[in-house]
Amino acid sequence: MTDLLECSSLSKRYGNEPPALDEVTFSTETRGIFALLGRNGAGKTTLIRILATELQPTSGSASINGMDVLRDTNRIRQQIAVMPQEARLVPWLTPRQTIYSYLLYRGFGRKEAASKVRDALEKLGLGQYENVVNRRLSGGVKRRVLMSTILATDARILFVDEPTTGLDPLIRADLWATLRELKRTHFIFLTTHYLEEAERLADRIGILENGRLLTLGSLGELRAGMKYQVSMRILNGGSPFEPKVGEVFKGEDGSTQIFTSEEDADRLTEELVKEKRRFSIYPISLEDIFYYLVRRPIEEDTRKEPRENGDRHEE
Amino acid sequence: MKSSRLSQVYASILIDALYQMKNYPITLVSNVLAPFSVLVLILLVSHGDLLSISIEGALITSMISGGVNLQIDLSHMKNDFKFQDMLVSSPTSAFAYALGMGMAALANSIPALAVLTFLSALFIRATLVGALTVLCVFALMFAFSVALGFMLSTFSTDIQQNRAFVSILTIILATIAPIYYPITYIPASIRFLAYFSPATYAAEIAQNAIGDLQLTAVNLAADWVVLVAVCLALFAVAVKKSHWRDP
Ligand SMILES: Nc1ncnc2c1ncn2[C@@H]1O[C@H](COP(=O)(O)OP(=O)(O)OP(=O)(O)O)[C@@H](O)[C@H]1O
Ligand SMILES: [Mg+2]
């Protein structure tokens, strides 16, 4: 059996809309954490729902560890658990009742289910909320109860769509720790808008834009694949500055963002020091890669239309 | 049925009936009161003449509202809580889920059914065959409304669509059908309208069984044929058209 998640020309159109997923083809190991990034509407949820056998693709195929998402549905469903992006707890249940009944649905006997509930809640530090009606819980606690619901199962492949949205920074860090521990035994496919999260947690990262997969690989591989290795930001102030190196973007705050090679960066640094300008310089981060790949002028935001490379420059 | 399927059925009954009643006891009260609004109205207007028929009508309504409520609950689970997504992507079978939610609807009707059954025992004199016939009709109506409710819920994508489905369903099933009074009360010129509702056939059979309506053997047989055929057809459509995995 191949331990791979594979998509081949996977496409999805909702009605006559432009494709939400457009011939997505990739393959990645089903271990550790895979983080899928992309702007709103890029197609992340659509991809997760197809892989999790919740949604029929329009064309193409996908498989998880050799099991086809369309043909081997039952086998896949035994092995995965999903936390949907917009999932909300059933308000009239308590966390205990929520997890317990979900485990019954998954085929656990009553005794086993009951014993797993407490463990799952404890794992995310939710023991104290066990018997509080869901509707009384805060947003973050609700989200964590959902998370512990899928952790309570014995599924080894987890799809979590924006698991940390709405969590405070400390709780988020806690959840990261949990995920990090979990990834030793589980394959976790997550989406997030927090690039830092992907940077810290993910073994592999994919970036989706307009239904197309722009890139996929470890952070190191993503960096290596970039044309530029250095990111510089020159703060607003003084006379206009138009560096003739690499690629230049203007930020909303008037600052200038530059992606460039190490040598050009050195030269530019000297120049900037001479002119006494305030600037920062650092090796290209995931955030830079993300911006570089998906950035474009907002006013030209004609989604679904393929862009030329040159479009990335803002005037 | 495998034990895991039974677990799934039980889980639905828990979340949609038992836990609900336990955590929100007010639902118990509303469940008991549900069938009485029309019942009391009809009794008052008819000065008690339609007692037996309207008790039975209330029973049929309970069965139908089981399906309507089921539709509402299923649609919440699917569209608002995305809970159905968590189930679709799990080993839960669509059938066990629907059956369980149907049983939950039934469980929610139990308080009302108990009261109505008690009233029936007091006020309706039916033969054993009559009583069994009525039970059979109720079971069919229930299965029918559950299948319909499940199918519609898999189509609906939000609360407004759902609301539209529910009101159309209610009109077809409960409003145009002569459930609380004999069909002869409907002016002959528009009586045919009632026959668009499967509940009409159910009501005729039930009213005949307890002696409130005298059907010819041919009419009775026709009612049965139509009722069973409609239920089977709907079941077939529901099984074929309901989509567990979104298209
Ligand atoms: N049920 C649906 N019917 C029609 N169009 C849909 C549906 N679901 C998603 N879309 C469209 O498909 C595209 C991709 O949506 P998707 O939800 O997969 O994006 P996403 O990357 O998850 O976005 P976000 O970060 O906002 O969650 C969007 O253009 C969206 O409008
Ligand atoms: Mg999404």
Side-chain angles (χ1 to χ4, degrees), chain A residues 12 14-15 45-46 48-58 69-70 73-94 96-98 100-110 112-113 131-135 146 149-150 153 155 157-159 161, chain B residues 1-28 30 72-101 104 108 154 157-159 243-247:
Chain A
K12 177 68 190 178
Y14 295 101
T45 299
T46 302
I48 283 204
R49 295 193 73 228
I50 290 175
L51 295 175
T53 73
E54 291 166 19
L55 179 69
Q56 197 95 26
T58 308
V69 293
L70 290 177
T73 310
N74 289 340
R75 271 168 64 215
I76 290 186
R77 287 175 177 169
Q78 300 282 348
Q79 299 177 32
I80 65 172
V82 183
M83 174 166 147
Q85 176 178 6
E86 292 174 82
R88 281 172 47 205
L89 292 172
V90 178
W92 60 83
L93 304 181
T94 65
R96 198 194 75 77
Q97 293 167 342
T98 304
Y100 178 69
S101 46
Y102 183 64
L103 291 175
L104 292 183
Y105 278 119
R106 293 200 65 113
F108 287 99
R110 294 205 220 171
E112 212 180 350
N131 293 314
V132 181
V133 183
N134 288 337
R135 91 188 133 82
L146 276 169
T149 304
I150 66 164
T153 70
I157 300 173
L158 307 178
F159 289 96
D161 201 350
Chain B
M1 200 186 274
K2 279 193 301 184
S3 70
S4 62
R5 292 280 176 263
L6 286 177
S7 288
Q8 291 166 4
V9 172
Y10 177 58
S12 293
I13 300 174
L14 279 180
I15 61 170
D16 211 41
L18 302 185
Y19 285 154
Q20 201 168 24
M21 292 191 243
K22 183 174 166 203
N23 298 352
Y24 290 2
I26 187 81
T27 53
L28 256 177
S30 88
I72 296 174
D73 288 356
L74 285 171
S75 158
H76 274 311
M77 292 294 173
K78 173 170 180 266
N79 302 318
D80 301 330
F81 308 144
K82 304 285 174 201
F83 186 67
Q84 196 169 310
D85 274 353
M86 294 179 67
L87 297 182
V88 170
S89 57
S90 82
T92 312
S93 89
F95 179 74
Y97 176 62
L99 180 67
M101 293 296 277
N108 281 322
T154 67
T157 54
D158 63 62
I159 194 82
H243 21 70
W244 190 231
R245 182 191 324 230
D246 279 340

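Each chain gets a letter, A, B and so on, in the order its sequence line appears, and its residues count up from 1.
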Next item on the list: For A:Tyr105 and B:Ile15, run side-chain contact (heavy atoms from CB on, under 4.5 Å): C-alpha distance rounded to whole Å, both residues' side-chain angles, the deciding distance at 0.1 Å, then the answer.
Entry: CA-CA 11 Å; A:Tyr105 278 119; B:Ile15 61 170; 3.5 Å; yes

Next item on the list: Can you tell which part of A:Pro91 gets under 4.5 Å to a heavy atom of chain B, answering side chain, backbone, both or neither?
Entry: both

Checklist line | CA sep, side-chain torsions, deciding dist, call: A:Tyr102, B:Leu87, side-chain contact (heavy atoms from CB on, under 4.5 Å) | finding: CA-CA 8 Å; A:Tyr102 183 64; B:Leu87 297 182; 4.0 Å; yes

Next item on the list: Calculate, to the nearest 0.5 Å, the distance between atoms CG and CG belonging to B:Asn23 and A:Asn134 respectively.
Entry: 9.0 Å

Checklist line | Heavy-atom proximity to chain A below 4.5 Å, by part of B:Ser93 | finding: neither

Notebook entry, point to check: Checking A:Leu70 against chain B: side chain, backbone, both or neither under 4.5 Å from a heavy atom?
Noted result: both

Check: Hey, which of A:Gly107, A:Pro84, A:Gly109 has the most heavy atom pairs under 4.5 Å with chain B?
Finding: A:Pro84

Margin query: Using the side-chain contact (heavy atoms from CB on, under 4.5 Å) criterion, which residues pair with A:Lys12? Sequence neighbours excluded.
Written below: A:Tyr14, A:Leu21, A:Thr46, A:Ile50, A:Leu55, A:Thr58

Note to self: Distance alone, cut at 3.5 Å: any donor-acceptor contact between the side chains of B:Tyr10 and A:Ser101?
What the structure shows: no

Notebook entry, point to check: Where is the tightest heavy-atom contact between B:Arg245 and A:Val69, given as atom of each residue plus distance?
Noted result: NH1-O, 3.1 Å

Notebook entry, point to check: Any salt bridge (charged side-chain N to carboxylate O under 4.0 Å, His left out) pairs touching residues 82-91 of chain A, not counting sequence neighbours?
Noted result: none

Check: At their closest point, which heavy atom of A:Glu54 faces which heavy atom of B:Val88, and how far apart are they?
Finding: CA-CG1, 4.0 Å

Margin query: Restricting to non-hydrogen atoms, name the atom on B:Met86 and the atom on A:Val82 that form the minimum distance, rounded to 0.1 Å.
Written below: CG-O, 3.6 Å

Check: chain B heavy atoms under 4.5 Å from A:Thr149: which part of the residue, side chain, backbone, both or neither?
Finding: side chain

Next item on the list: Side chain from CB out, backbone as N, CA, C, O: work out which of these in A:Tyr100 comes under 4.5 Å of a heavy atom of chain B, or both, or neither.
Entry: side chain

Next item on the list: Side chain from CB out, backbone as N, CA, C, O: work out which of these in A:Leu89 comes under 4.5 Å of a heavy atom of chain B, or both, or neither.
Entry: backbone

Notebook entry, point to check: What is the minimum heavy-atom distance between A:Arg106 and B:Ser89, and which atoms define it?
Noted result: NH1-O, 4.4 Å

Item checked: Contact class of A:Val133 relative to chain B, heavy atoms under 4.5 angstrom -> side chain

Notebook entry, point to check: Is there a donor-acceptor pair closer than 3.5 Å between any side-chain N or O of A:Trp92 and the backbone N or O of B:Met21?
Noted result: no

Item checked: Best-contacting candidate, B:Pro247, B:Ser7, B:Pro91, against chain A by heavy atom pairs under 4.5 angstrom -> B:Pro91

Notebook entry, point to check: Just how far is it from atom CD1 of A:Ile80 to atom OG of B:Ser90, taken to the nearest 0.5 Å?
Noted result: 8.5 Å

Next item on the list: Could you grab the distance from atom CD of A:Gln97 to atom CG of B:Leu14, nearest 0.5 Å is fine?
Entry: 8.0 Å

